[in-house]
K.L.:
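Can you keep this structure in mind? I'll have questions shortly.
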Amino acid sequence: MPPVVIAGSGRLSRMTPEEFRTAGHRLIDWIADYRLSMEQRPVRPSIDPGQVKAAMASEPGEPSVDVEPLLAFMDSVVVPGSTMVQHPMHYGWFPSNAGLASVLGDIASSGLGSLGISWESGPALTEVEEVVTDWLRKLVGLSDRWSSTIHDTASTSCLVALILARERASGNSYADRGLAGLDEAPVVYCTDHSHSSVRKAALLAGYGSDNVRIVAHDRRDFSMDVADLRAAIEADAADGRRPAAVVATIGTTGTTAVDPLAEIVAVAAEDGLWVHVDAAMAGSVMILPDHRHLWAGVEDADSITWNPHKWLGTILDTSIFHIRNTEFLIQVMSTNPSYLQSGADGTVTQYRDWGIPLGRRFRALKILFHLSIDGVGALQARLRRDLDNARWLAEQIEAAPDWQVVAPVVLQTVCVVHHPRGADSAGADDDLDVLNRHTLAWVEAINRSGEAYLTPTMLDGRWVARVSIGVETTEREHVARLWGLMKNAVSAS
Ligand SMILES: *Cc1c(COP(=O)(O)O)cnc(C)c1O
């Protein structure tokens with residue numbers, strides 16, 4: 001399409017670098033002001049489905065180089081339509097930090113506009129990624145037998161891992177008849193507390209729902225029951241199936257439960273199963289050496305994923321994938337059409353052969369800026385603060401009558417119920433319906449107030465409130481304020 005000429009102005013609509021400079025400064029100011037005013041805003045917008053769409057025109061307006069109308073739109077429609085996950089009173093889902101240092105790296109990446117389809121198309125894009133992901137490998141205490149890359153999300157990492165597991169278990173079935181050519185269906189093992197992305201990855205990788213085996217878990221700490229894993233593997237093998245992969249979670253989404261990885265890798269090794277470690281949320285804590293016991297055994301896994309874009313604070317989408325056998329990874333993932341071949345092949349890393357997409361952004365700059373500006377010491381101190389805050393909150397809850405912490409507080413998540421008819425009703429006579437309605441009601445009352453936000457979760461058949469601590473700006477005073485809100489909410493509902 002030819003460039004659009006704005007009537008009367010005679011100016012090409014394409015923004016020039018000088019116009020970008022002016023508008024860009026305004027935008028940076030807007031972002032800084034937005035972050036500064038965050039705490040004064042409600043955490044969750046009170047907004048109806050369709051309200052944002054209704055506030056927008058059906059066609060783009062007259063083009064203009066003036067960003068003020070766009071910033072006004074941000075203020076009047078986008079901000080009031082956004083859940084403030086960077087708000088210090090946000091305790092929902094998991095920390096989804098977007099540290100400003102990493103935001104700068106994101107802007108640098110966009111400004112550069114690099115294209116990562118091969119080493120040639122972006123030598124720096126490739127090599128900076130190799131170096132900074134290796135920094136992260138060392139930061140979480142992994143040995144140099146691991147190689148690393150950035151995927152968009154942990155969901156993608158899990159899909160890649162389960163495709164690799166499928167191919168290893170099936171002797172490269174993709175090279176001829178695919179799964180249709182197999183007599184023995186490959187099977188994936190995980191627990192009910194694994195993230196939904198595990199099941200999704202297994203289905204997308206072609207295993208089929210019948211071949212996703214839910215292993216039993218410990219009733220008290222929600223970790224995988226390894227005896228049941230072993231029994232399930234034996235039963236499947238006896239049944240003519242091919243046990244292919246186990247996904248171990250270090251820090252489940254519901255309660256941050258930790259599957260016993262050392263035992264899992266030992267069981268998996270007996271039958272050559274692929275072990276994928278999903279540490280999407282909790283991987284960040286491994287920058288604290290005294291927490292690495294939580295994934296003892298990790299060196300004998302096959303692949304690991306963790307998200308700096310969660311607790312560590314690098315903005316989305318920055319999910320790290322560590323892999324031991326890159327040769328096998330490349331064999332399964334590579335495609336090499338002639339226009340992508342080059343003389344550098346064999347001496348350089350071609351990240352297109354490490355995952356699903358061909359084109360990649362220069363995501364490593366987000367990590368480079370984040371680590372270079374904030375520094376590891378500050379990140380470690382922030383994580384320790386969050387761990388302390390979670391322990392503190394758990395202590396307050398344990399000491400309060402009628403309140404109960406219902407899962408071990410391993411990291412920064414506290415799962416809690418309040419018994420409306422007193423602590424005695426916590427026994428077998430507890431009316432589950434009454435308790436569930438009460439929990440959902442007081443959580444919703446807090447969320448509706450806009451003063452804080454938490455997400456309830458279903459834990460082995462009962463609703464519990466989940467307080468996930470870890471937003472960059474959440475200090476002790478905020479957690480104390482939340483505890484006050486919780487006590488008020490239960491007496492009101
Ligand atoms: C958040 C989370 C995921 C999914 O992460 P995405 O990067 O959004 O795909 C998977 N597993 C666990 C344990 C998580 O906490």
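What you see is a predicted model; the values in this text were computed from it and never measured. Both counts, for ligands and for their atoms, begin at 1 and track the order of listing.
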K.L.:
Output side-chain donor-acceptor pairs under 3.5 Å for residues 276-286, partner residues at least two apart or in another chain, one line each.
P.N.:
unit_1, atom_1, unit_2, atom_2, d
H276, ND1, S303, OG, 2.8
D278, OD1, A280, N, 3.1
S284, OG, L312, N, 3.1

K.L.:
Classify the ring geometry of W442 against W403: parallel below 30°, tilted from 30° to 60°, perpendicular beyond 60°.
P.N.:
perpendicular

K.L.:
Looking only at side chains, do D460 and H217 share a donor and an acceptor under 3.5 Å apart?
P.N.:
yes

K.L.:
Side-chain donor-acceptor contacts of residues 129-136 below 3.5 Å, not counting sequence neighbours, with atom names and distances?
P.N.:
unit_1, atom_1, unit_2, atom_2, d
E129, OE1, R360, NH2, 2.9
E129, OE2, T149, OG1, 2.8
E129, OE2, I150, N, 2.9
E129, OE2, R360, NH2, 2.4
E130, OE1, T349, OG1, 2.8
T133, OG1, E129, O, 2.7
T133, OG1, E130, O, 3.3
T133, OG1, S148, O, 3.4
D134, OD1, R137, NE, 2.7
D134, OD1, R137, NH2, 3.4
D134, OD2, R137, NH2, 3.2

K.L.:
Give a yes or no answer on whether the side chain of R466 reaches the backbone of W93 with a donor-acceptor pair at less than 3.5 Å.
P.N.:
yes

K.L.:
Kindly list each side-chain donor-acceptor pair under 3.5 angstrom involving residues 156-165, sequence neighbours excluded, with atom names and distances?
P.N.:
unit_1, atom_1, unit_2, atom_2, d
T156, OG1, D152, OD1, 2.5
T156, OG1, T153, OG1, 3.4
S157, OG, T153, O, 3.4
S157, OG, T305, OG1, 3.1

K.L.:
Would you mind listing each N/O atom of ligand 1 next to any protein N/O under 3.5 Å, plus the distance?
P.N.:
unit_1, atom_1, unit_2, atom_2, d
ligand 1, 7 (O), A154, N, 2.8
ligand 1, 7 (O), N307, ND2, 2.9
ligand 1, 9 (O), A154, N, 3.4
ligand 1, 9 (O), S155, N, 2.9
ligand 1, 9 (O), S155, OG, 2.5
ligand 1, 11 (N), D278, OD1, 3.2
ligand 1, 11 (N), D278, OD2, 2.7
ligand 1, 15 (O), K310, NZ, 2.8

